[in-house]
Structure formats: structure tokens, C-alpha cells
Amino acid sequence: MTIHLYNTLTRTKEAFIPLDDQRVTMYACGPTVYNYAHIGNARPAVIFDLLYRVLSRRFPKVIYARNITDVDDKINKAAAEQGVAIDVITRRFAEAYHQDMGALGVGRPTIEPRATDHIDQIITMIQALIDKHHAYEAEGHVLFDVERFPDYGQLSRRNKRELIAGARVDVAPYKKGPGDFVLWKPSTADQPGWDSPWGRGRPGWHIECSAMSAAHLGEVIDIHAGGQDLVFPHHENEIAQSRCAHGTEVFARYWMHNGFVTVEKRKMSKSQGNTLIVHELLKQWPGEVLRYVLLSAHYRQPLDWSQKVLEQAQATLDRLYGLLSELPEDTSDDTDPAVIDALEDDLNTPTALAALNGLARKLSEADSADQPKLGARLKASGRVLGLLQQDPAIWFEQRRKAIDVNESEIQALIDQRNQARKDRDFATADRIRDELGERGIELRDGPEGTTWEVAPR
RNA sequence: GGCUAGGUGGCAGAGUGGUUAUGCAGCGGCCUGCAAAGCCGUGUACCUCGGUUCGACUCCGGGCCUAGCCUCCA
């Protein structure tokens with residue numbers, strides 16, 4: 001089956017046919033590193049990491065670039081507030097980003113370009129835009145001239161008149177047109193800056209992605225991805241800059257945008273102050289639970305975050321790991337076609353998870369002779385989704401660490417209870433079990449003896 | 001105001017012009033000293049009003065409601 005992807009540019013689901021099937025290129029807008037990532041920031045990281053995996057199964061070479069924006073006024077502000085150098089901030093939070101995303105099972109992209117390493121390319125690109133009369137200099141700024149790019153608004157489906165009518169920002173006096181946006185802006189002595197033909201300054205917000213994508217992937221790329229809120233103005237402006245600088249008809253051939261993570265149905269965003277920080281969530285939940293939740297809704301739909309969905313994801317993973325714990329280790333690559341088909345259909349992760357659960361049901365229904373094979377398939381299918389790769393024992397044990405337990409004390413109580421059971425003193429036995437239960441410990445009397453688990457919350 | 005997505009069972013969440021989504025919770029059963037876990041079985045659904053159709057939750061139109069973008073934002 002051909003991979004199908006929903007293209008924001010055409011608002012339809014299309015067959016994915018790369019320009020060069022020996023070299024597929026994708027670019028995702030990565031983090032601006034000035035504080036910890038929230039779970040809404042994690043969504044595109046997880047989704048487009050999954051896309052990279054899905055593409056890599058079909059194409060010999062996929063180059064995935066995800067940038068780090070390390071020059072930005074929010075970074076400057078954070079550095080000033082904390083009284084530290086800018087690179088202290090960017091280094092700290094880039095590292096935290098890698099750690100947190102790693103905990104969610106997000107792999108590293110092929111290339112992770114940083115804006116500050118590409119100032120030369122940015123300046124060259126801006127100069128090209130000026131030379132081609134698509135940009136102009138005004139009061140130390142360089143601005144993109146939207147008027148001279150007729151296709152402006154194509155991605156976000158707006159026309160210029162609407163943009164002007166709807167503009168909620170004061171238009172800077174040096175702009176020729178209200179929709180013009182900054183490519184380069186002057187820096188004061190205390191701000192980070194680089195020498196340029198237009199004086200010491202720093203890049204505007206949008207130009208870095210255009211410059212880095214061209215530098216590493218080429219002037220025309222297959223896929224460009226990011227959050228829905230980047231459609232306008234960020235991606236619209238990237239298209240304008242890139243196409244005008246390179247004289248191309250197309251910048252990215254497929255545009256993909258993920259929906260938002262919401263809290264009580266409201267968009268999670270830093271400005272609304274309702275963010276849930278991944279770093280904090282990881283103190284309470286396994287990264288795999290967070291990942292399962294992020295995969296449980298289709299990427300283009302909103303995903304409402306709550307305690308309840310976390311509990312549901314954990315319960316489901318408990319069951320799946322429980323099934324796997326009965327079976328021998330197997331590292332075969334026998335994936336369930338239903339899982340792959342679902343993912344290749346515009347990353348339909350809910351259907352893929354349904355298929356994964358269907359496989360689990362088949363496994364529990366099967367004769368014990370067939371179970372190892374089905375278990376191997378379950379694990380291999382989970383691998384594509386970035387799930388079920390832990391040793392089941394470790395999955396269950398990690399919860400013991402989350403609550404304060406003294407294992408030998410619990411074992412002593414279990415021994416005491418089993419003696420009581422042997423004596424048919426069930427009142428005592430039940431009292432011990434209830435006491436442990438109140439501490440969040442569940443006992444399981446099996447043929448091999450009594451084991452215990454920390455109960456799911 | 002302009003533009004864009006949505007409204008599915010107790011909750012989460014896919015999908016389809018006529019046939020079981022799936023998970024979590026609930027209920028019944030097996031198992032158990034009793035439980036838990038596990039396994040088996042099981043119910044309630046497609047915002048509203050019209051239209052198209054042999055037949056619509058699924059297509060078309062109106063309405064109501066929700067969220068998002070138009071400003072930094074994933």
C-alpha cells in the first residue's frame with residue numbers, strides 16, 4: 001500500500017510520492033529552547049518521529065531535519081531575567097528537551113540544525129531576496145515585501161485584504177505593506193547580534209527554517225511539518241521567502257500540521273498558563289504512558305489531556321505487558337499488516353492501536369503453542385509505534401519505585417498471611433491483604449505462590 | 001468580522017452509504033477460602049432540521065453548539 005498523507009496545502013489526503021525515492025526529505029519545526037517543553041510541544045515531536053519511522057520502512061533513505069531555535073527574543077528575556085548568558089539557557093533547555101523527548105520514545109532526527117550555526121546562510125538568503133526585489137531595507141530592518149508575491153496566503157487560505165482587515169497588530173511605520181514581515185532586525189549592544197550588510201543584528205523568526213531547510217535538505221523538500229498554529233504566519237512566510245529566494249514553484253510538497261493538546265478543551269499554551277510540563281509529568285508517569293496517550297487520538301484532531309486518559313492508557317499498557325510477560329523474549333520483525341496499514345493511512349494511530357489490541361486478543365485466545373509467535377508479532381508491531389519495548393518485569397517494577405515500599409517488610413506480611421491462610425484463619429489473612437491494599441499494594445495468589453504489584457492509581 | 005476544524009455509546013476515540021471499531025469503566029460467568037489479576041460473554045451511539053437515495057451516523061444544504069487561527073505559540 002502506498003503511504004497516504006493529508007496535505008494542508010490541498011486540504012486533501014494524497015498518495016505520498018517523493019521527488020526522489022532514494023532520498024526522502026522532511027523538516028519539522030523544533031523547539032525554541034528557553035524553557036521546558038510542555039506536552040503540547042511533545043505532540044509534534046512524537047508524531048513526526050513516528051512519521052519518520054513509517055517512511056523509513058518504505059524508503060531506503062529518509063533525511064529528517066528538526067531544528068533548534070537558539071536565537072530568539074524570548075531566550076534573551078529568559079537570560080536577562082535569570083542573569084545568565086544566553087547560551088546557558090539554550091544549552092540547558094536543549095539538553096532537557098532531548099532528555100524529555102527521549103523518555104517519550106522520540107528518537108533523534110537525522111540532522112538537528114541550530115539557527116546560530118546558520119547565520120551565514122541566513123544572510124545570503126536575505127541578500128538574495130533583496131537582489132530580487134522581494135525584500136527591502138528600512139531603518140536597519142530588512143522586510144519581506146508581501147505585495148510582490150502573488151501566491152501569499154495560499155497555504156493558510158487567506159487573501160491579503162482579509163489579513164489587513166483582520167490585523168490585530170499595530171503596523172510598524174517603516175513597513176511598506178502591513179503584511180510585510182521582518183527578515184533581519186537590528187540588535188542593541190546588549191542583545192546577541194551578528195555583522196551583516198545591514199549592520200549588526202539578528203534574524204527574524206521565519207527565515208531560519210527556510211535557510212536551514214535549504215542548507216540541509218535542498219530548495220524543494222518533500223514534507224514540512226509542525227503544529228497547526230504555525231500555518232499562519234510562520235509557514236506561510238517560509239513559503240514566501242523560500243520560493244522567492246530560490247525562484248522555485250514549490251517549497252515543500254506536503255505540509256503536515258498536528259492539532260493541539262487541550263486542557264478542559266482549551267488550547268494548552270504558554271501564554272494561557274495552562275501548560276503541563278513533560279519534565280514534571282515524567283515524575284508521575286512512565287514516558288510510555290504519555291506516548292500512548294499522545295497516540296490515542298489522530299494527530300490532526302485535538303487531544304484533551306486529563307488524569308483519566310492517563311489512567312486509561314496505563315491500564316491498557318498493563319494488560320499488554322501482562323500478556324507479554326508470560327512469553328519468551330523474541331526480537332523478530334513480524335509486524336501486523338493491519339498496524340502498518342493504519343499508520344500508512346495518514347498516521348491513523350487510533351486504528352493502529354485498535355489493531356494492536358486486536359492482536360492482543362488473538363494472542364490470549366490462541367493455543368499456547370501459537371502464543372510465542374503472536375507475542376513476537378505484538379512486540380514487533382509495538383516497536384513501530386514506539387511501544388511495548390521494555391522488559392515487562394521492568395514495566396511493572398518501575399511503579400514500585402514510584403511509591404515508598406519496603407520490599408522485605410511486604411514479603412514478611414505476605415508470609416504471615418500465607419501462614420494464616422494455611423491455618424484457615426481467613427480473618428487475619430484478609431486483614432493483612434486489606435492493610436496492604438490501603439497502601440496501594442495488590443496481592444495475587446497464583447499457583448506459584450503469592451506475588452504483589454503496585455496497584456494502578 | 002474573515003478563515004479553518006469538529007460535534008459518535010458512562011468516558012476516551014476510529015471508521016463506514018446497507019455488515020463487530022478498539023480501549024477504559026459497568027454488568028454476568030470461569031477461576032479463587034474470599035479476592036485481585038487474567039480469560040470468556042454482554043448492553044447503551046452517531047447534535048438538530050430538511051434534501052438526495054431502495055437505504056445515511058456516513059453524501060448535500062440550513063440551524064445550533066464547541067475549539068482554533070487572523071498576535072508569541074506545537
Side-chain angles (χ1 to χ4, degrees), chain A residues 8 11 28-32 34 37-48 72-74 77 153 156-159 161-170 179 205 225-234 236 257-262 265-272 275 292-293 295-304 306 308-320 322-323 326 342 345 348-361 364-365 420-422 424-427 429-430 433-434 436-437 441-447 450-453 455-456:
Chain A
T8 309
R11 313 280 160 131
C29 291
T32 300
Y34 67 101
H38 60 68
I39 195 72
N41 301 126
R43 192 175 194 189
V46 167
I47 291 298
F48 299 123
D72 180 275
D73 287 351
K74 292 186 292 286
K77 192 171 166 233
S156 56
R157 308 237 162 151
R158 302 156 202 270
N159 61 52
R161 195 178 306 160
E162 278 165 10
L163 288 173
I164 295 161
R168 285 195 254 153
V169 229
D170 292 335
W205 173 33
Q228 230 152 45
D229 48 359
L230 298 182
V231 173
F232 189 90
H234 186 57
E236 196 71 71
H257 293 95
N258 64 276
F260 300 122
V261 176
T262 58
K265 308 284 181 196
R266 292 258 163 205
K267 180 186 177 187
M268 183 183 297
S269 75
K270 288 166 188 169
S271 53
Q272 292 202 32
T275 58
Y292 194 101
V293 173
L295 297 178
S296 69
H298 184 84
Y299 76 93
R300 282 188 278 116
Q301 295 305 127
L303 169 57
D304 202 42
S306 66
K308 196 159 188 170
V309 297
L310 287 160
E311 287 166 2
Q312 291 185 359
Q314 183 163 59
T316 303
L317 285 168
D318 273 353
R319 205 186 86 258
L320 296 176
L323 282 168
E326 315 277 305
D345 182 17
N348 193 332
T349 52
T351 298
L353 292 176
L356 200 71
N357 279 294
L359 195 57
R361 175 180 288 255
S364 51
E365 281 170 348
R421 290 172 71 207
K422 217 169 145 191
R424 304 198 65 81
D425 177 7
F426 296 121
D430 290 350
R433 184 179 62 205
D434 292 347
L436 285 170
I441 289 156
E442 261 171 17
L443 299 187
R444 289 174 196 172
D445 299 328
T450 302
T451 60
W452 61 277
E453 295 294 347

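Here is how names work: the chains are called A, B, and so on, in the same order as the sequence lines, proteins then strands, and each is numbered from 1. Keep in mind that this is a model prediction, so the values were computed, not measured.
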Exercise. Round to a whole Å and report the spacing from CG of D345(A) to C1' of U16(B).
Key: 13 Å
Quiz prompt | For U71(B), the Watson-Crick or wobble partner whose two distances fall under 3.5 Å | solution = none
Quiz item: Quick one: side-chain contact (heavy atoms from CB on, under 4.5 Å) partners of T32(A), sequence neighbours excluded?
Solution: Y34(A), T69(A), D72(A), I75(A)
Exercise. For nucleotides C47(B) and G38(B), find the distance between their P atoms and express it as a whole number of Å.
Key: 33 Å
Practice problem: Using the test ring-ring contact (aromatic ring centres under 6.0 Å, His included), find all partners of H234(A) that sit at least two apart in sequence or belong to another chain. | Solution: W205(A), H206(A)
Filtered N/O pairs between nucleotides 7-12 of chain B and protein, under 3.5 Å:
from	atom 1	to	atom 2	distance (Å)
C11(B)	O2	Q312(A)	NE2	3.2

Practice problem: To the nearest Å, give me how far apart CG (D229(A)) and P (A5(B)) are. | Solution: 16 Å
Practice problem: Output all residues satisfying side-chain contact (heavy atoms from CB on, under 4.5 Å) with N41(A), sequence neighbours left out; order by chain, then residue number. | Solution: A37(A), H38(A), K270(A)
Practice problem: Let me have a per-nucleotide readout for nucleotides 28-41 of chain B, 5' to 3', with B, S or -, counting only protein heavy atoms under 4.0 Å. | Solution: -----BBBBSSSSS
Quiz prompt | Any residue meeting salt bridge (Lys or Arg N to Asp or Glu O under 4.0 Å) with R319(A), in chain and number order, not counting sequence neighbours | solution = none
Quiz item: What residues form a side-chain contact (heavy atoms from CB on, under 4.5 Å) with S364(A), not counting sequence neighbours?
Solution: L323(A)
Self-check item: Watson-Crick or G-U counterpart of A45(B), or none if no pair lies under 3.5 Å
Solution: none
Practice problem: Could you tell me the separation between the NE2 atom of H38(A) and the C1' atom of C72(B), rounded to a whole number of Å? | Solution: 11 Å
Quiz item: Applying a 3.5 Å limit to both distances, which nucleotide forms a Watson-Crick or G-U wobble pair with G17(B)?
Solution: none
Quiz item: Which residues pass the salt bridge (Lys or Arg N to Asp or Glu O under 4.0 Å) test with D304(A), sequence neighbours left out?
Solution: none
Quiz item: Who are the side-chain contact (heavy atoms from CB on, under 4.5 Å) partners of R361(A), not counting sequence neighbours?
Solution: E365(A)
Quiz item: Could you state the CD-P distance from Q228(A) to G68(B), rounded to the nearest angstrom?
Solution: 11 Å
Quiz item: Considering every strand shown, what is the Watson-Crick or G-U wobble mate of A5(B) when both distances are under 3.5 Å?
Solution: U66(B)
Exercise. Respond yes when some side-chain nitrogen or oxygen of N357(A) is under 4.0 Å from OP1 or OP2 of U22(B), and no when none is.
Key: no
Quiz item: Watson-Crick or G-U wobble partner for U52(B), using a 3.5 Å limit on both distances?
Solution: none
